[in-house]
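All chains are named by letter (A, B, ...) in the order of the sequence lines, taking the proteins before the strands, and each is independently numbered beginning at 1. Values below: every heavy atom of this structure, side chains too, minus hydrogens, waters and symmetry copies.
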Protein chains: 2
Amino acid sequence: MVDDDKPTPDEADATAARGYHHGDLRRQLVVWTLKLAEERGLDEVSVRDVAKAAGVSPGAPFRHFPTRVALLAAVAEQGMDALAAQLEAALVAAARENPLRRYRAMAVAYFTWGIRNPIYFQTFASRAVVDYAGPSLRERHEQAVGAMADEMKAALRLGLVRRGIAERYAIAGRALAYGIARLYIDGHYATLGLDENMAVREGEAVLDQFIESISR
Amino acid sequence: MVDDDKPTPDEADATAARGYHHGDLRRQLVVWTLKLAEERGLDEVSVRDVAKAAGVSPGAPFRHFPTRVALLAAVAEQGMDALAAQLEAALVAAARENPLRRYRAMAVAYFTWGIRNPIYFQTFASRAVVDYAGPSLRERHEQAVGAMADEMKAALRLGLVRRGIAERYAIAGRALAYGIARLYIDGHYATLGLDENMAVREGEAVLDQFIESISR
DNA sequence: ACCTGAACACCGTTCAAGT
DNA sequence: ACCTGAACACCGTTCAAGT
């Protein structure tokens, strides 16, 4: 980078513009990673690109993240926060309904979020990232989908669904929600000409029929 | 797995040792890509590694594949061959059963193959690879899963499943099979302590309960 | 304390030169 | 026709030096 004019680092604004982020760089890097990934795909974003976008030197990110995958893990953690919030909100909104309806609300929230936030979804569906992030990320995800499974089990207990093994309803419900999200993200709906919103509606319709089919 | 050693390398020893593969290099590169990916993960295999494993210079692969992703696309095409063969075999084996049983046979074949061949599965679930490979790969996959969907629709027509919209049963069945495979490949079963074989059996159990639940 | 910028080893890809 | 091996631009990562 060719730089003739000196940045006069005694002004706060000027320093920030020149790359000093006074403790905020870490967050900025995550923000830019997400933004660039949304533009060109996760694989296409390099740490150097992120550094440049944030206005810092190529080595700067490594003061905050030991490796590139650590940076992606930070994105994943942030995504997990957002997903957990959505699921929690869905659960609260359906609080006074029956377990099967609560399962539905969470499953819809799950794949809707995945379809609308494919980058987040990819980061914490990536083995390398999740392995790096350590057990906490996986546990949080497990807990989130576990809540879905719990509703399914409750539905069986209350006789809302046909006879069967609770754990299998739970996994089926989970695989279905996951499958719907992943079918879209992996581009399988593209052949069908479905955009984001249509994919969500289609997902809901499929889920509803599934629920109705297992109901009794 | 799906490949055997190449037939009778009679006089090829000298040239092969020198790196000359007399037209066979293309195939060797695909074989080595798969092998290295199984050892260390798809992201960790570079074209240079593959070249070295095949005993040729770093630039040699680019005479056969214009880009790295083209090499991966060749792996994906080979994977698609294998998957199509498995599904076809499953369909033939269940030829004299009812459509619901045929759907089951194909769904099991689908996720079993995915669980047992995660590298193949990843290659043709990758957007970049599939986009490069062109419409034919996607169409073949679409046709393969379309056969599953057809059985589901036939099952509805014959009154084997509860009332509903055929297309939604088809998508649910597909999302379920896809979700089961992907849950394992993305490492979600690892938390549950399930290995490959247990994942397949668990998948079958879940699928069977799903089928029973929608049956009438 | 936080960032720069030069360095290193690596990678995808190209291409003139060899057989 | 097929491969070599030296390039080039890029990338992840490190680190001494600056503020």
Side-chain angles (χ1 to χ4, degrees), chain A residues 1-30 32-33 36-37 40-75 126 128-129 132, chain B residues 6 9 11-30 32-33 36-37 40-75 126 128-129 132:
Chain A
M1 216 199 290
V2 226
D3 210 347
D4 291 31
D5 49 336
K6 262 306 194 175
T8 60
D10 36 16
E11 298 175 41
D13 290 16
T15 51
R18 277 288 154 192
Y20 268 75
H21 287 254
H22 46 72
D24 185 52
L25 179 55
R26 195 192 142 90
R27 186 178 358 181
Q28 285 298 310
L29 292 170
V30 174
W32 279 110
T33 301
L36 294 180
R40 61 178 90 150
L42 198 56
D43 296 342
E44 302 306 312
V45 27
S46 69
V47 177
R48 292 174 105 106
D49 287 339
V50 174
K52 186 183 281 185
V56 293
S57 75
F62 292 92
R63 189 147 309 264
H64 298 276
F65 303 99
T67 62
R68 185 188 116 106
V69 69
L71 173 57
L72 298 184
V75 174
S126 152
V129 170
Y132 176 86
Chain B
K6 67 160 304 232
E11 75 283 42
D13 293 31
T15 48
R18 290 263 161 220
Y20 270 75
H21 287 254
H22 47 71
D24 184 53
L25 179 55
R26 192 192 146 91
R27 187 177 358 176
Q28 286 298 310
L29 292 170
V30 174
W32 279 109
T33 300
L36 293 181
R40 62 177 90 150
L42 198 56
D43 296 342
E44 303 305 312
V45 27
S46 68
V47 177
R48 292 174 104 106
D49 288 337
V50 173
K52 185 183 281 185
V56 294
S57 75
F62 293 93
R63 189 148 309 265
H64 299 275
F65 303 99
T67 61
R68 186 189 115 104
V69 68
L71 173 57
L72 299 184
V75 174
S126 152
V129 170
Y132 176 86

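Between the CZ atom of A/R26 and the C1' atom of C/dC3 there is a distance of 17 Å, rounded to whole Å. Taking atom CG on A/L29 and atom C1' on D/dT13, their separation rounds to 15 Å, with Å as the unit. The distance from atom CZ of B/F65 to atom P of C/dT14 is 15 Å, rounded to the nearest whole Å. Atom CZ of B/R63 is separated from atom P of C/dA17 by 14 Å (rounded to the nearest Å).
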- Message: Would A/V47 and A/F62 count as a side chain to side chain contact (heavy atoms under 4.5 Å, CB included) here? Give the steps.
- Response: CA-CA 9 Å; A/V47 177; A/F62 292 92; 3.6 Å; yes

- Message: Between A/L42 and A/L72, does the side chain to side chain contact (heavy atoms under 4.5 Å, CB included) criterion hold? Intermediate values first, please.
- Response: CA-CA 9 Å; A/L42 198 56; A/L72 298 184; 4.0 Å; yes

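Across B/V75 and B/V30, no two heavy atoms sit closer than the pair CG2-CG1, 3.9 Å. Minimum heavy-atom separation, A/A51 to A/S57: CB-O, 3.5 Å.
Checked against side chain to side chain contact (heavy atoms under 4.5 Å, CB included), A/A70 has the following partners two or more places apart in sequence or in another chain: A/F65, A/P66, A/T67, A/Y132. With sequence neighbours excluded, no residue satisfies salt bridge (Lys or Arg N to Asp or Glu O under 4.0 Å) with A/R63. By the salt bridge (Lys or Arg N to Asp or Glu O under 4.0 Å) test, B/D49 is found to be paired with B/R40, residues two or more places apart in sequence or in another chain being considered.
Rounding to the nearest 0.5 angstrom, the gap separating the CG atom in A/L29 from the NE2 atom in A/H64 is 6.5 Å.
For A/H64 and C/dC2, the shortest distance from a side-chain N or O to OP1 or OP2 is not below 4.0 Å.
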- So what's the dot-bracket for DNA chain C: Watson-Crick or G-U pairs under 3.5 Å, [ ] if a pair crosses, | if it pairs off-strand? ||.|||||...|||||.||

Using the 3.5 Å cut-off, write out each protein N or O paired with an N or O of nucleotides 6-12 of chain D and the distance between them.
unit_1: D/dG12; atom_1: OP1; unit_2: A/V47; atom_2: N; d: 3.1
unit_1: D/dG12; atom_1: OP2; unit_2: A/V47; atom_2: N; d: 3.0
unit_1: D/dG12; atom_1: OP2; unit_2: A/R48; atom_2: N; d: 3.3
unit_1: D/dG12; atom_1: N7; unit_2: A/R48; atom_2: NH1; d: 2.5
unit_1: D/dG12; atom_1: O6; unit_2: A/R48; atom_2: NH1; d: 2.8

